[in-house]
S.K.: 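If you scroll down you'll find the structure; I have some questions about it.
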Number of protein chains: 2
Amino acid sequence: MMTANVTDRMDVGGKLKAARRSKGLSQRDLALRAGLTNGAISLIEQNKTSPSVASLKRLLDAVSMTLSEFFSEIEETNGPKFFYGADEFIELSPQEIGLSEGASRVSLRQVGNASLHALQMLHETYPPGADTGPGMLVHESEEAGIVISGAIEVTVGDHVKVLNPNDGYLFDSRLPHRFRNLGDTPCVVVSACTPPSF
Amino acid sequence: MMTANVTDRMDVGGKLKAARRSKGLSQRDLALRAGLTNGAISLIEQNKTSPSVASLKRLLDAVSMTLSEFFSEIEETNGPKFFYGADEFIELSPQEIGLSEGASRVSLRQVGNASLHALQMLHETYPPGADTGPGMLVHESEEAGIVISGAIEVTVGDHVKVLNPNDGYLFDSRLPHRFRNLGDTPCVVVSACTPPSF
DNA sequence: TGCGCGCGCTTAGAATTCTAAACACATGAT
DNA sequence: ATCATGTGTTTAGAATTCTAAGCGCGCGCA
């Protein structure tokens with residue numbers, strides 16, 4: 001039952017109900033037209049299930065509405081999103097960030113849809129031995145972070161330092177930089193970047 | 001496995017694949033970001049399953065696209081729809097058409113999304129005893145039909161006639177009219193109406 | 001009041017989507 | 001060549017959506 005959470009805020013069900021009502025149809029009427037059952041519509045309207053695109057399309061056809069219309073309304077109705085549950089973070093794939101192939105697995109979990117914002121915030125986990133690689137990172141941003149647990153060696157230009165919990169960093173990302181976990185416990189860092197670098 | 005048919009023409013899968021490719025992601029990359037599995041994405045991209053709205057939303061978030069954007073593109077790409085399978089007809093509910101309460105169940109199956117067109121075409125089935133009711137129908141249209149099987153009594157203004165297979169009718173719908181199946185076999189009629197009356 | 005009818009809700013089970021694991025194929029390195 | 005790695009596909013089974021049937025409630029009418 002985790003699927004519904006994602007769409008909870010969207011309230012697909014409520015919107016569908018409104019559309020149905022505006023046509024003066026009961027759940028059974030709509031069910032008949034769309035070729036579903038009243039029970040299914042009840043569940044969808046209560047956001048107890050997230051309909052398949054196929055089912056939603058049939059429902060919207062029956063009330064003469066297109067999918068893009070439907071979601072435009074939903075996305076207008078929804079104000080901007082401010083809060084994100086831990087399970088909503090987007091897990092970025094290391095290679096896309098420009099990490100060298102064999103580099104140990106770094107977990108980068110991003111808050112929200114960074115490409116819609118000026119600020120990118122990440123929850124990073126460096127397992128023991130993790131390394132962003134000898135090919136130093138370079139991008140047009142400014143970035144900062146704070147170590148939460150474990151320890152990590154940070155290289156910026158020709159400066160190198162090992163940061164421990166509650167230590168932080170802040171630099172211009174155009175300077176070549178690198179992160180390495182030399183210890184034997186995972187290191188967790190929370191970082192921010194502006195503008196988003198990937 | 002009937003669900004996919006509806007969305008076949010939409011090619012949700014193909015569109016998703018394009019979006020993923022444009023970000024230079026593999027199915028596995030996207031799966032990691034969106035919190036699904038590569039297998040699921042493979043099936044969706046081949047249109048072998050129709051994703052839930054919740055799943056599609058997660059996928060689109062991961063490629064920084066909104067649902068309305070996604071479906072706008074789809075609906076633009078899709079030319080107008082010309083052909084409709086028998087199972088795609090929209091079943092209209094009698095009461096909405098203005099049929100009296102107790103009137104026997106008439107099945108009205110509409111071709112396509114009439115509210116987007118000037119012409120409304122119906123496949124109508126009148127079971128034995130079916131009657132659009134003594135409260136005569138009136139609307140601002142012109143309508144015509146042909147009897148396919150069975151027989152039906154049609155009243156238009158003060159004219160009454162029983163039509164048999166291959167007989168037809170054509171009149172201004174502002175004249176009060178009524179249909180009754182007096183026989184003991186179902187009567188099937190194919191009718192057209194312009195502009196659509198409901 | 002009591003009955004019938006339509007409404008939305010609930011629930012067990014059927015059908016579909018999604019997961020986890022394996023497969024087939026290609027490409028590049030040793 | 002052979003292996004390792006990356007890609008998309010397939011498949012049995014878990015999880016979720018959807019169906020079919022029934023429930024409870026409210027409203028209108030006898």
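Order of the sequence lines fixes the chain letters, A, B, ..., with proteins taken first and strands second; residue numbering starts at 1 for each chain. The figures that follow rest on heavy atoms only: side chains count, while hydrogens, waters and symmetry mates do not. All values derive from a computational prediction rather than experimental measurement.
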S.K.: Using 30° and 60° as the class limits, which term best fits the ring planes of A:F71 and B:F71: parallel, tilted or perpendicular?
M.R.: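 It falls in the parallel class, under 30°.
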S.K.: Would you kindly give the CD1-to-C1' distance between A:I44 and D:dT19, to the nearest whole Å?
M.R.: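 Roughly 12 Å, once rounded to whole Å.
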S.K.: Using a 4.0 Å heavy-atom cut-off across all strands, classify A:I41 as base, sugar-phosphate, or nothing.
M.R.: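 No contact.
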S.K.: Is the backbone N or O of A:A34 less than 3.5 Å from a side-chain atom of A:R58, with the two atoms forming a donor-acceptor pair by type?
M.R.: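 It does hold such a pair.
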S.K.: Under 4.0 Å between a side-chain N/O of B:Q27 and OP1 or OP2 of D:dT9, yes or no?
M.R.: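 B:Q27 to D:dT9 OP1/OP2: side-chain N or O found under 4.0 Å.
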S.K.: Roughly how far, to the nearest 0.5 Å, is CG of B:L60 from CD of B:E69?
M.R.: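 Here the interatomic distance stands at 9.0 Å.
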S.K.: Would you mind reading off the distance between B:L30 atom CG and D:dG8 atom P, rounded to a whole angstrom?
M.R.: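 Spelled out: CG on B:L30 to P on D:dG8 is 10 Å.
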S.K.: Just how far is it from atom CD of B:E124 to atom CG of B:N181, taken to the nearest 0.5 Å?
M.R.: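 B:E124 atom CD to B:N181 atom CG measures 12.0 Å (nearest 0.5 Å).
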S.K.: What does A:L36 touch in the nucleic acid at a heavy-atom separation under 4.0 angstrom: a base, only the sugar-phosphate, or nothing?
M.R.: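 Sugar-phosphate: the residue A:L36, judged by heavy atoms under 4.0 Å, touches backbone atoms but no base.
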S.K.: Taking 4.0 Å as the cut-off, does a side-chain nitrogen or oxygen of A:S55 come that near to OP1 or OP2 on D:dC18?
M.R.: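 It does, given that an N or O in the side chain of A:S55 lies less than 4.0 Å from OP1 or OP2 of D:dC18.
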S.K.: Write down the distance between CD (A:E45) and P (C:dC7), rounded to a whole number of angstrom.
M.R.: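 A:E45 atom CD is separated from C:dC7 atom P by 13 Å.
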S.K.: Please report the distance, rounded to the nearest Å, between CG in B:L56 and C1' in D:dT17.
M.R.: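 Those two atoms, CG and C1', are 16 Å apart.
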S.K.: Round to a whole Å and report the spacing from CG of A:L25 to C1' of C:dC7.
M.R.: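 From A:L25 CG to C:dC7 C1': 14 Å.
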S.K.: OP1, OP2 of C:dT10 versus side-chain N and O of A:S42: anything below 4.0 Å?
M.R.: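 Indeed not, no polar side-chain atom of A:S42 lies that close.
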S.K.: Take atom CG of A:L32 and atom C1' of D:dA20, then tell me their distance rounded to the nearest Å.
M.R.: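 The answer, rounded to whole Å, is 15 Å.
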S.K.: D:dA15 P sits how many Å from A:L43 CG, rounded?
M.R.: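 Whole-Å distance recorded here is 19 Å.
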S.K.: For the base of D:dG8, is there a side-chain donor-acceptor partner from B:R28 under 3.5 Å away?
M.R.: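 Donor-acceptor pair under 3.5 Å: yes.
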S.K.: Using the side-chain heavy atoms of B:T49, tell me which of these nucleotides is nearest: D:dC18, C:dC7, C:dT17.
M.R.: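 Selected nucleotide (nearest to the side chain): C:dT17.
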S.K.: Side chain of B:S72, backbone of B:S68: donor and acceptor closer than 3.5 Å?
M.R.: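 Judged by distance alone, yes, a pair lies under 3.5 Å.
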S.K.: Measure from the side chain of B:R21, starting at C-beta and using heavy atoms only, and say which of D:dG8, C:dC18, D:dA20 lies closest.
M.R.: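 In terms of side-chain proximity for B:R21, the closest of D:dG8, C:dC18, D:dA20 is D:dG8.
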S.K.: Does A:K48 make a side-chain N or O approach to OP1 or OP2 of C:dT10 shorter than 4.0 Å?
M.R.: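 Looking at the OP1 and OP2 atoms of C:dT10, one of them is under 4.0 Å from a side-chain N or O of A:K48.
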S.K.: Looking at A:D61 and A:K57, is there a salt bridge between them, counting it only when a charged N and a carboxylate O are closer than 4.0 Å?
M.R.: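 Salt bridge flag = yes for A:D61 with A:K57.
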S.K.: In whole angstrom, what separates A:R58's CZ from D:dC18's P?
M.R.: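 For the pair A:R58 CZ and D:dC18 P, the rounded distance is 11 Å.
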S.K.: Look at the side chain of B:N38 against the base of D:dT7 and say whether a donor-acceptor pair falls under 3.5 Å; ignore hydrogens and angles.
M.R.: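 Between D:dT7 and B:N38, which were checked side chain against base, a qualifying N/O pair under 3.5 Å is absent.
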S.K.: Think A:S52 has a side-chain N or O under 4.0 angstrom from the OP1 or OP2 of D:dC18?
M.R.: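 Affirmative; the distance criterion is met.
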S.K.: Think A:S26 has a side-chain N or O under 4.0 angstrom from the OP1 or OP2 of C:dC7?
M.R.: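 True: A:S26 side-chain N/O within range (under 4.0 Å) of C:dC7 OP1/OP2.
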S.K.: Report which part of the nucleic acid A:Q46 touches: base, sugar-phosphate, or nothing (heavy-atom distance under 4.0 Å, all strands).
M.R.: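 A:Q46: backbone/sugar contact only, no base atoms under 4.0 Å.
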